[in-house]
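What follows is a single structure, written as structure tokens, with notes after it.
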Amino acid sequence: MQKKLKLWDAIMLVMGSMIGSGIFIVSADMMRNLGSGYWLIVVWIITGVMTVAAAISYGELSALFPKAGGQYTYLKEIFGKKMGFLYGWGLFTVIQTGTIAAVAMAFGKFTAYLIPSLNDAAPIFQSGEFKITWIQILAIAVILLLTYINTRGVQSGKVLQNIFTGSKIIALLGLIAAGFILVDFSHMAENFSLGTDSFNNLKKDFSGNFLKEGWEPINGMTLLGGIAAAMVGSVFSSVAWESVTFVSGEIDNPKRNVVKSMIYGTSAVMLLYIAVNFVYLNALDREGIAFATNDRVAVAASQNIFGSAGTIIIALLVMISTFGCNNGLILAGARVFQTMAKDGMFFKSAEKNNNNEVPENALWMQGVWASLLCLSGQYGNLLDMISFVIVLFYMITVFGVIYLRIKQPALERPYKTWLYPVTPIIYLVIGTGFCILLLIYKQQYTWPGLIMVVLGLPVYYFINRKKTN
């Protein structure tokens, strides 16, 4: 593969793949689960520590295995083909493609702010609860457009990624600055006045609307359950940074630049996320965050900051953000499926590069499946189910750093995990706590995702049936 991606390109891919639509929405549900500005920030800090610790740990593996395929390759090399396949299976069926679909739909929904006729238009097709809307068609058009651009060569995808990621970073910095300068009345002291007290408000009326007067104090194990539930949103907003490992084969000096891009990129994004949440706490009171219309906290905050123009400003920011995010996800994801094809674990045709030296068939397979998920209308439910599975695979991969140190201590390591073994243990402890609490308190977020991954086992055995005979 041609080494067309430099360190800056890799950092832009990390940041661009992370910053999608989540940061503009998830804080509403987080506040309903925690009821306190203090705990909202604490959860984002925990997620930030967790994310950067994982990125630092992955750095050791990226230097050991500087090949295309990234996390799939790490899991395959350390734990065998079955584990690698299960990760790749989950990635294709919903983790990567479901995220692409959800981000594209977010683009469509925020476009509808600027073009209200998209919201008002009758469905193109409807049968019972299933329907196809113009917003879904727009989302599919974005996926197919970005897929086409990426088939024209990694240079095309790189330029687009750098432009859109740079634009949304500048826009976010502008929003952060304006959130402290232009707000007429600050709610910061009010939001932190409760200190470490925490509350939740998950009660709904007969119409399914949250009851604003339903706050109840929570502590002890109930608080830990609330933290785990809140972290589903913050974790989902903070994943996909590992996408840069998928394109290791196309990054200049991957043994150094992949780890640098992950550490620099994740650290910068988590600082941006924490700062944006301080803007929410400054611009809105607790109810304003928790009960923002359709959970669009950024829209509510922006209206308080910029007045009536706020909706347009945020709609444009989210459109830029989601477009750039999807470009990064599409660019990177196809490289995993190409690597799997080379290992005999995916459709054989996905193995080939086109004349532009990119895996065109893998790109289109990914794009078509993500488009079908847009039509299904189920991508949102699927994504709720996979935060648990994503963290589980992160944990297995991070554990792989410790496992390799024990099994192969003499292996030459161009980069060693900073503060080993403390850094990987930090991630494993937080990740284990998150997964256990979800298993206890929020099982709807756990079992469906696990079942989806386990369904990959019969597929694996079917693919390998001839090899075992």
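Note: hydrogens, waters and symmetry copies are ignored here, and every other heavy atom, side chains too, is used.
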How close do S371 and I143 get, counting heavy atoms only, and between which atoms? OG-CG2, 3.9 Å
Does the side chain of Q71 pick up a donor-acceptor pair with the side chain of Y394 at under 3.5 Å? no
SB check E250 K158 (cutoff 4.0 Å): no
Does the ring centre of F92 sit less than 6.0 Å away from the ring centre of F346? yes
Nearest heavy-atom pair of F434 and V232: which atoms, and what distance? CE1-N, 3.9 Å
For atom OH of Y148, decide whether the heavy atoms of other residues, nucleotides or ligands shown that lie under 6.0 angstrom number more than 12. no
Test side chain to side chain contact (heavy atoms under 4.5 Å, CB included) on L75 and F85; report intermediate values, then the result. CA-CA 9 Å; L75 291 170; F85 174 81; over 6 Å; no
Could you walk me through whether N191 and D285 satisfy the side chain to side chain donor-acceptor pair (under 3.5 Å) test, starting with their C-alpha distance in whole Å, then the side-chain angles of each, then the deciding distance to 0.1 Å, before giving a yes or no? CA-CA 6 Å; N191 280 317; D285 60 16; over 6 Å; no
Using ring centroids (six-membered ring only for Trp), state whether Y87 and Y72 fall under 6.0 Å. no
Identified side chain to side chain contact (heavy atoms under 4.5 Å, CB included) counterpart of S321 within the set F164, F24, F107: F24
When you look at M319 and L114, which way does the side chain to side chain contact (heavy atoms under 4.5 Å, CB included) test go after all the steps? CA-CA 10 Å; M319 287 170 67; L114 303 181; 3.7 Å; yes
Rounded to the nearest 0.5 Å, what's the gap from OG1 on T165 to CZ on F323? Could you check? 11.5 Å
Does atom CZ (F347) have a neighbourhood of more than 12 heavy atoms from anything else shown, all under 6.0 Å? no
Tabulate below the donor-acceptor pairs under 3.5 Å that side-chain atoms of residues 324-334 make, not counting sequence neighbours, or state none.
unit_1 : atom_1 : unit_2 : atom_2 : d
N326   : ND2    : I100   : O      : 3.1
N327   : OD1    : N150   : ND2    : 3.0
N327   : ND2    : G157   : O      : 3.0
N327   : ND2    : Q161   : OE1    : 2.9

Write out all pairs satisfying salt bridge (Lys or Arg N to Asp or Glu O under 4.0 Å) with one or both partners inside residues 288-297, taking only residues at least two apart or from two chains. R32-D295
Regarding K81 and D343, does a basic nitrogen lie under 4.0 Å from an acidic carboxylate oxygen? no
Looking at every non-hydrogen atom in both residues, tell me the closest pair between V94 and M452 and how far apart they are. CG1-SD, 2.8 Å
Heavy atoms of L437 and M221 approach each other most closely as CD2-CE, 4.2 Å
Locate the shortest heavy-atom distance separating F306 from A178; write the atom from each residue and the value. CZ-CB, 3.6 Å
Full working for side chain to side chain contact (heavy atoms under 4.5 Å, CB included) between K352 and E360: CA-CA 8 Å; K352 299 176 183 176; E360 181 170 357; over 6 Å; no
Find the distance between OH (Y460) and CE (M345) and round it off to the nearest 0.5 Å. 4.5 Å
Output the distance between atom CZ (F337) and atom CG (L91), rounded to the nearest 0.5 Å. 4.5 Å
Can you find a side-chain donor-acceptor pair between E287 and W215 that sits under 3.5 Å? yes
Sorted by chain and residue number, the side-chain contact (heavy atoms from CB on, under 4.5 Å) partners of L392 (sequence neighbours excluded) come out as F388, C435, L450
Can Q303 and T311 be counted as having a side-chain donor-acceptor contact under 3.5 angstrom? yes
For I218, does its backbone N or O pair with a side-chain atom of T222 as donor and acceptor, under 3.5 Å? no
Just how far is it from atom OH of Y427 to atom OG1 of T51, taken to the nearest 0.5 Å? 7.0 Å
With a 4.5 Å heavy-atom cut-off, do M83 and K76 have their side chains touching? no
Using a 3.5 Å distance criterion without hydrogens, assess whether the side chain of S17 forms a donor-acceptor pair with backbone atoms of V14. no
Please name the pair of heavy atoms, one in I396 and one in F79, separated by the smallest distance, quoted to 0.1 Å. O-CE1, 3.5 Å
Would you say N354's side chain and N356's backbone share a donor-acceptor pair under 3.5 angstrom? yes
To the closest 0.5 Å, what do you measure between CZ (R335) and OG1 (T245)? 12.5 Å
Is I312 atom CD1 crowded by more than 12 heavy atoms from other residues, nucleotides or ligands, each under 6.0 Å away? no
So, Y461 and K82: side-chain donor and acceptor under 3.5 Å apart, yes or no? yes
Please round to the nearest 0.5 Å and tell me the distance separating atom CD1 of I137 and atom CG of L118. 11.5 Å
